[in-house]
Amino acid sequence: MSPGSSGQYGYFSDEHCEYRITTPYTPIKWCNYVGTLAFGGIVDHTGGALLCKGDPALNRITKYLTQLPAADFRGTTLYVRIKKADGTWDVFSPLLTPTLKKLDRFECHVGLSYSRFISEYRGLKVEITVFVPRHDQVYLQDIKIQNTGPAAEIDLIPVVEFSHFDALKQLTNADWVPQTMTVRAHRQGTSCVLEQYAFMKRDTAVNYVTANHPVSSFDGDRRCFLGHNEYGSWQNPATLHQGELTGSQPLRGDNIGALMLHLGKIAPGDTKRVVVQLGQAPSIADAQPSIDKYRKAPEVDQAFLELGAFWQDYLGLLKVTTPSASFNTMVNIHNPRQCHTTKNWSRYLSLYQLGYGARGIGFRDSSQDLLGVMSHMPEEALELAVKLLSMQKRNGSAMHQFNPLTMEASQGDSLEDLDRPNYYGDDHLWIVYTMAAYIKETGDVDVLNRQVPFYDKDPQGRPVETGSIWEHLVRAIEFTWSDRGRHGLPLLGFADWNDTVNLPKGAESLMVANQFGKAILEMIPLCEAYGQGAFKEKILGYYEAMKKIVNDQAWDGSWYLRYFDHNGAKIGSCANKTGKIWANGQSWPILSGFASPDRRDQALESVYKHLNTKYGIKLSSPGYQGFDPEIGGVTTYPPGAKENGGIFLHANPWVIIAETMAGHGDRAFEYYNQINPAEKNQIIDIFESEPYCYPQNILGDEHPQFGLGRNAWLSGTASWTYVAATQYILGIRPELDGLTVDPCLPKHWQEVTVERRYRGARYTIRILNPHGQSKGISSLWIDGQRIEGAKIPVMPAGHYRVEATLGL
Ligand code: NOJ
């Protein structure tokens, strides 16, 4: 049985790799993604679509105002009208919005890069599948309409509202923007393509809407379509009560694309199918081949099959069967899917990251996002990693953000505050993990020779230095070693992973200290494989020195500190009134290997005692009680929200990993389970967020709305939870010389199976737990042959059966 099948708003259909929403009345809008950043966007559960091509700030296609109430029109919709006996029309939307007429049935199947809406209204069954083909840049709405009642005369009216390409201008300029917006109709016989553009894009980038059905009339102007003299609204457009649309082809104003498609009488039991296209091309002539292609239903079917095949192959990389249905659902389907989405969209566009700014993508965020796709798409991951490396400066630190289209970097808006340091203490260290993960997955040590320019430029804008990837990694390590404060700990810079603690210059970060330790652990096998013995000895020295500093300076009695401020005062200490204990302060000394077993266990116990809640581990406690400019952004939130004592999910998998390293399988799974969105299906009225993907944050227990999730989809939680589940709970960890099998299971799990592709071979790994343990493999067999240790060596292509037994 799929988990949460009795959820109030929907259920998981693992067989179809879908979450099926069964009512439009979800607590908030629930989303899906279609296409990629190259062309695609968000589709919400009542069919609103926010689409862009390449960049949501500078090439936005549909107007989707996220702040409007859920009932409103958002970018795209479909109206259907049924002719009544008296000749008037019953107009409704099978997507509920914007007509809001109650439907007899509603489902939204949130699929892998597609959404399917199924609804029924007065004997009409409407099924709409929306997706972007893998190899073309067009948003398809594949509409099937079946008459299950008496014969009826039916019209379909698909509608798009266009945004100015410059998304922010659309919001801030009501003079230039409307004066530039144009819609023209291209008619050929009964077919029609509506072309829309801002004047300056006329010859380079035009949007279009068309359908594979005769178009009897159209509208390009919103006022005409809604009926401006009658106060027509999206809920009840005036023209839909007339025979035809007005034929408006505006040279200004609010541009839409509405098509009138008369389906005629549909006999009882009959189905009609129409495909609507929304795309962008340099010109309509350029778009014509694609338009012609997707007017053919078999091409649409083929494109949909190709999309399914892509996902089948992608998810086939790793499949698990454990006793936990919700774990299986997430690890097999929704978590890797979310990782793919975060890799693609970074923090560009969601219902929370609105994509208006020139923010581009984050060095830190993308480095971590790549960890969640590394096994599935190492080549694409490397491509992005190389872009990230080119944002690293010669001194080893990294630019915080950049636009991947222009490769222009910025240090983040907040760094305009000149009282604070103008770099981040952590960014450059994340890429060390990314590159190590790439090499461990692929075995491609030679990649370290690849030359990548450093970010620094001469006055002509040319890079002043290029170095091998190895050199980039070396400089990342050396930067942190050279950039230390009064205790010998790494300086915080503007912030570390926690963007919101922005202390004056001179503050030190314990998180960066531990990140540094972990980065050295990742570098050691690379040094060995790349023949860098001297550097290995050098950084082992750094490691021991930093370990000593952390343990001498930062142990607070029952847990580790989080920061020293610019005056050397402790933050994250039992001596503080607020912000006494921080989750990252405890997990990272374990990830770095700096904590002794005794301190490790005490620190983890302190997390459980002071930070754990039934909905997840809080980032810190207790929350700050008011704004304090000295500490920074964290104090702008009320206690319990976001970084100020909220359950910041990204930090939870680090504790999970730490627990597995300590051998605490039950605790690790308890933590995993309590943030598993699939488990939230039963408490959606508290959680509110989508049950099929991790949100960034859940309100903590100091907040009256404890348990409320927000900022779904684009969060580092996705990649790290995937790493925690697959590499630490299940313990299938790629290393330079093979796949380590080092599970740390809840004791009651008696058997687990993992199917994994790795370096051209396929493994079916059965993990048996006959004695109810958590950790410790006592025997490993490959195809009936006993192997010493707990590592599957790199094998020639083939299918291998592995049996690993946890033993006493
Ligand atoms: C969200 C940012 O995207 C991420 O980089 C950061 O680590 C977290 N906020 C925590 O502050």
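Order of appearance sets the numbers: ligands from 1, and atoms from 1 within every ligand. Below, each value reflects all heavy atoms present in this structure, side chains not excepted, and no hydrogens, waters or symmetry copies.
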Original post:
Is it true that the NZ or CZ of Arg486 lies under 6.0 Å from the centre of Phe564's six-membered ring and within 45 degrees of the ring axis?
Top reply: no
**OP:** Would you mind finding which of Asp427, Leu714, Asp365, Val501 brings a heavy atom closest to atom 5 (O) of ligand 1?
**Re:** Asp365
Original post:
Which of the atoms of ligand 1 are close to Phe648, meaning less than 4.0 Å from one of its heavy atoms?
Top reply: 8 (C), 9 (N), 10 (C)
Subject >> Donor-acceptor pair between Gln696 and Lys642 side chains, under 3.5 angstrom >> reply: yes
**OP:** Return yes if some donor-acceptor pair links the side-chain N/O of Ser350 with the main-chain N/O of Gln353 below 3.5 Å, else return no.
**Re:** yes
Original post:
Who's the nearest protein heavy-atom neighbour of atom 2 (C) of ligand 1, and how far?
Top reply: Asp499 OD2, 3.3 Å
Original post:
Considering only the protein, which heavy-atom contact is closest to atom 11 (O) of ligand 1, and what is its distance?
Top reply: Glu643 OE2, 2.5 Å
**OP:** Report the nearest protein non-hydrogen atom to atom 7 (O) of ligand 1: residue, atom name, distance rounded to 0.1 Å.
**Re:** Trp497 O, 2.6 Å
Original post:
Met399 versus Gln392: any side-chain heavy-atom pair under 4.5 Å?
Top reply: no
Original post:
Counting distance only, does the side-chain N/O of His566 pair as donor-acceptor with the main-chain N or O of Ala507 below 3.5 Å?
Top reply: no
Subject >> Short N or O distance, Thr500 and ligand 1, threshold 3.5 Å exclusive >> reply: no
Subject >> Glu690 and His45: side chain donor to acceptor below 3.5 Å >> reply: no
**OP:** Work out whether the distance between some heavy atom of His650 and some atom of ligand 1 is less than 4.0 Å.
**Re:** no
